[in-house]
Amino acid sequence: MLTFESLSETAEFARKWVPFCKKHNIEPRAPEFYFQQKIDYLKDKIQPSFVKERRAMKREYEEFKIRINALVAKAQKVPEEGWTMADGTAWPGNNPRDHPGMIQVFLGHSGGLDTDGNELPRLVYVSREKRPGFQHHKKAGAMNALIRVSAVLTNGAYLLNVDCDHYFNSSKALREAMCFMMDPALGRKTCYVQFPQRFDGIDLHDRYANRNIVFFDINMKGLDGIQGPMYVGTGCCFNRQALYGYDPVLTEADLEPNIVVKSCCGGRKKKSKSYMDNKNRMMKRTESSAPIFNMDDIEEGIEGYEDERSMLMSQKRLEKRFGQSPIFTASTFMTQGGIPPSTNPASLLKEAIHVISCGYEDKTEWGKEIGWIYGSVTEDILTGFKMHARGWISIYCMPPRPCFKGSAPINLSDRLNQVLRWALGSVEILFSRHCPIWYNYGGRLKLLERVAYINTIVYPITSLPLIAYCVLPAICLLTNKFIIPEISNYAGMFFILMFASIFATGILELRWSGVGIEDWWRNEQFWVIGGTSAHLFAVFQGLLKVLAGIDTNFTVTSKANDEDGDFAELYVFKWTSLLIPPTTVLVINLVGMVAGISYAINSGYQSWGPLFGKLFFSIWVILHLYPFLKGLMGKQNRTPTIVIVWSILLASIFSLLWVKIDPFISDTQKAVAMGQCGVNC
């Protein structure tokens, strides 16, 4: 009910805020961030009334915030009899896990006007039906419900997905996306336009790589040259037809076999029947104007339209695919959007309630082939992958002014929990039927795009060798053995050339993308931090879920707030078991360094040369884990006792086990060391 009443207040405030923004070209359009800007707000403003109107609008916004704060305070204590609405009736959603579907149109055709008399964008409150015993699929299920209800009520040809912790930083964001979506050549095969994520409230040095600069400014830009960037869950404008599982309108060049396949299989051969069928099916999709339906045609199963559209399936197949809603099914064929002119709002609202019922998706393809795909907590990767597999392309749009900004968890524990959620989602996809390693090799997914998706889902597995490599330097110091064997000059040259090529590639990527060396180093550091903690946990949790059916819940990350000073959240410590493995790695390496130096002091001058090689690797590991170490210390530079105890305990156990096993020493040497001498002495 707090969300419902807050939206009601927001609708009233919008009547004044929207015309003010349009009149004076306000950026950003989110009032909280506009009034927080520490800039000269009079720059480029020429209207004498601006100062007076801005002061009045700021006062209106502050009064609006007070009303919202009052609603929040009221919501802290739930009445025993439950919430009641203004007319005295009980709030239908008093039980959040058992309530009917609810829709309220705050701003629509009638009454949705601003103070200047212009129509406002529509604002509709939607709460899908929840009942015990039904799987609701969290965010993916909510997004699918919104697809259907928006198709019934307005049926815009394009959809924009923005997370609740993001805001519009540029009012031209939709125009930027439409330049690609409405392009005569690209628009018919573009499934979505993805914008990079940018964040506010992150500390200056970005200690935990929250900005993900390397991913958004190098990886995603690189994918834009293949088949397009992955969908990252927010800041994305969709072609509604792509979400319905339709194939794109491809040219003959797009339908030619992959160039890699042609080069491997020789010259042109007779095309197979399946390839020709696929080509014909795709080529027949045209950009013709949408048909006009009346309610009689819809209720009769849109029989008149079956003869005109080559891809139209029988009514039973349509119901199996889209569900039992003739109005929604008819809307899926309107490629240019819009609703039938003969419909009335009452019938549309009734149908909208029907399509958000909890049993609507039963025995349909929702979440399997159409809409947001179920089966992983990172539903965004799956959804984008299914579209690319059908032959759609995506676009990466990076305007000079970031279109969307959001908040990120700058606290160490929250950041690790966020990374755990992403990694767990990747592991779930790895063990699912949608795994890019084996899914849909007969489709239109390009080879390099498939490799990129494979990289996205297998990266948590790298935590296993990473842990080994982080511990090996300490083991060498503790046992006085070196991990690198003696190699020939040719092998040495090969390794030098290999590392030089990797180094050169990194420099070229940084120069091409404009990413700074500090951002690159922070990304390297957090790859090790995440690999020794969240990625490792994700592998085991994913295996438990797949093999034993034990489901694990992820923690919704809390975002930054600066109420207690700039970046106060950065120093807040929250206990989580994710902290134990990296701390153990740190302790083992520190103990190994002390042991190695002690051995060198006792052994004389000749031991110092080999020692420096061993110390280099341990110091390299500690440098990568340095941000983690600072996060453990907190603002008072004090590590919680429980973390120290667990880490020292684990480090001691591993060290004792290693001394007991000691694989570097043969059985004969062990016998000699113990004073036992046999025939082979």
Side-chain angles (χ1 to χ4, degrees), residues 28 30 32-33 36-37 139 161-170 173 194-220 229-236 377-381 396 398 401-426 456 459 515-516 518-531 533-535 538 554-574 576 578-579 582 627-628 630-632 634-635:
E32 181 71 14
F33 296 95
Q36 278 182 2
Q37 291 182 114
K139 177 183 174 180
N161 160 223
V162 185
D163 276 357
C164 61
D165 57 351
H166 281 64
Y167 68 92
F168 274 80
N169 190 55
S170 170
Q194 177 67 60
F195 294 88
Q197 290 188 30
R198 301 294 187 233
F199 299 99
D200 288 323
I202 297 176
D203 59 298
L204 182 63
H205 299 291
D206 192 14
R207 181 187 292 179
Y208 306 125
N210 278 289
R211 291 191 178 94
N212 282 328
I213 292 294
V214 171
F215 176 75
F216 285 112
D217 287 23
I218 297 180
N219 298 8
M220 295 285 272
M230 301 169 187
Y231 167 47
V232 297
T234 183
C236 189
V377 293
T378 51
E379 67 288 321
D380 42 11
I381 296 176
Y396 198 48
M398 297 181 68
R401 180 183 177 92
C403 287
F404 303 96
K405 282 190 174 182
S407 57
I410 63 173
N411 170 271
L412 175 60
S413 303
D414 289 339
R415 174 70 168 136
L416 288 177
N417 274 307
Q418 182 187 58
V419 174
L420 171 63
R421 175 183 178 270
W422 295 341
L424 180 59
S426 294
T456 304
Y459 75 89
V515 173
E518 184 180 11
D519 290 317
W520 173 83
W521 175 239
R522 284 285 180 259
N523 183 77
E524 292 293 305
Q525 286 180 311
F526 200 79
W527 175 70
V528 175
I529 294 169
S533 57
H535 300 170
F554 64 87
T555 305
V556 178
T557 47
S558 60
K559 308 299 181 178
N561 79 71
D562 295 338
E563 292 179 359
D564 300 322
D566 290 342
F567 315 120
E569 183 74 11
L570 183 67
Y571 305 104
V572 174
F573 179 83
K574 299 176 183 178
T576 171
L578 295 173
L579 301 175
F628 176 83
K630 288 199 72 173
L632 279 184
K635 200 168 187 176

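On a predicted model such as this, the values are computed, not experimentally measured, just so you know.
Looking at every heavy atom in both residues, Leu579 comes nearest to Phe628 through O-CZ, 3.4 Å. Heavy-atom minimum distance, His205 versus Glu518: ND1-OE2, 3.1 Å. Contact detail for Ser426 and Thr378: the closest heavy-atom pair is N-OG1, 3.9 Å. For Gln194 against Pro229, the heavy-atom pair with the smallest separation is CB-CG, 4.1 Å.
Qualifying ring pair (Phe, Tyr, Trp, His ring centres under 6.0 Å) partners for Phe404, counting only residues two or more places apart in sequence or in other chains: Phe168, Phe195. For Phe33, the ring pair (Phe, Tyr, Trp, His ring centres under 6.0 Å) partners two or more places apart in sequence, or in a different chain, are Tyr167. With sequence neighbours excluded, the residues satisfying side-chain contact (heavy atoms from CB on, under 4.5 Å) with Asn210 are Ile202, Asp206, Tyr208, Ala408, Pro409, Ile410, Arg415. Every salt bridge (charged side-chain N to carboxylate O under 4.0 Å, His left out) that Arg198 has, sequence neighbours left out, goes to Asp217. For Ala534, the side-chain contact (heavy atoms from CB on, under 4.5 Å) test picks out Val419, Leu420, with sequence neighbours left out. Applying the side-chain hydrogen bond (donor to acceptor under 3.5 Å, both in side chains) criterion to Gln197, with sequence neighbours excluded, gives no partner residue.
The structure places NZ of Lys405 at 14.5 Å from CG of Asp165, a figure rounded to the nearest 0.5 Å. Atom-to-atom distance recorded for Tyr231:OH and Asn161:CG is 3.5 Å, nearest 0.5 angstrom. Atom CG in Asp163 sits 11.0 Å away from atom SG in Cys236 (nearest 0.5 Å). For the atom pair Lys139 NZ and Asp380 CG, the distance stands at 6.0 Å (nearest 0.5 Å). Between the CG atom in Asn212 and the CG atom in Asn523 there is a gap of 7.5 Å [rounded to 0.5 Å]. Rounding to the nearest 0.5 Å gives a distance of 4.5 Å between NE2 of His166 and CZ of Phe199.
For the residue pair Gln418/Arg421, the side-chain donor-acceptor check at 3.5 Å is not satisfied.
Within the 4.5 Å cutoff, the side chain of Gln37 has heavy atoms near those of the Pro28 side chain. Using a 4.5 Å heavy-atom threshold, the side chains of Phe526 and Pro627 count as separate.
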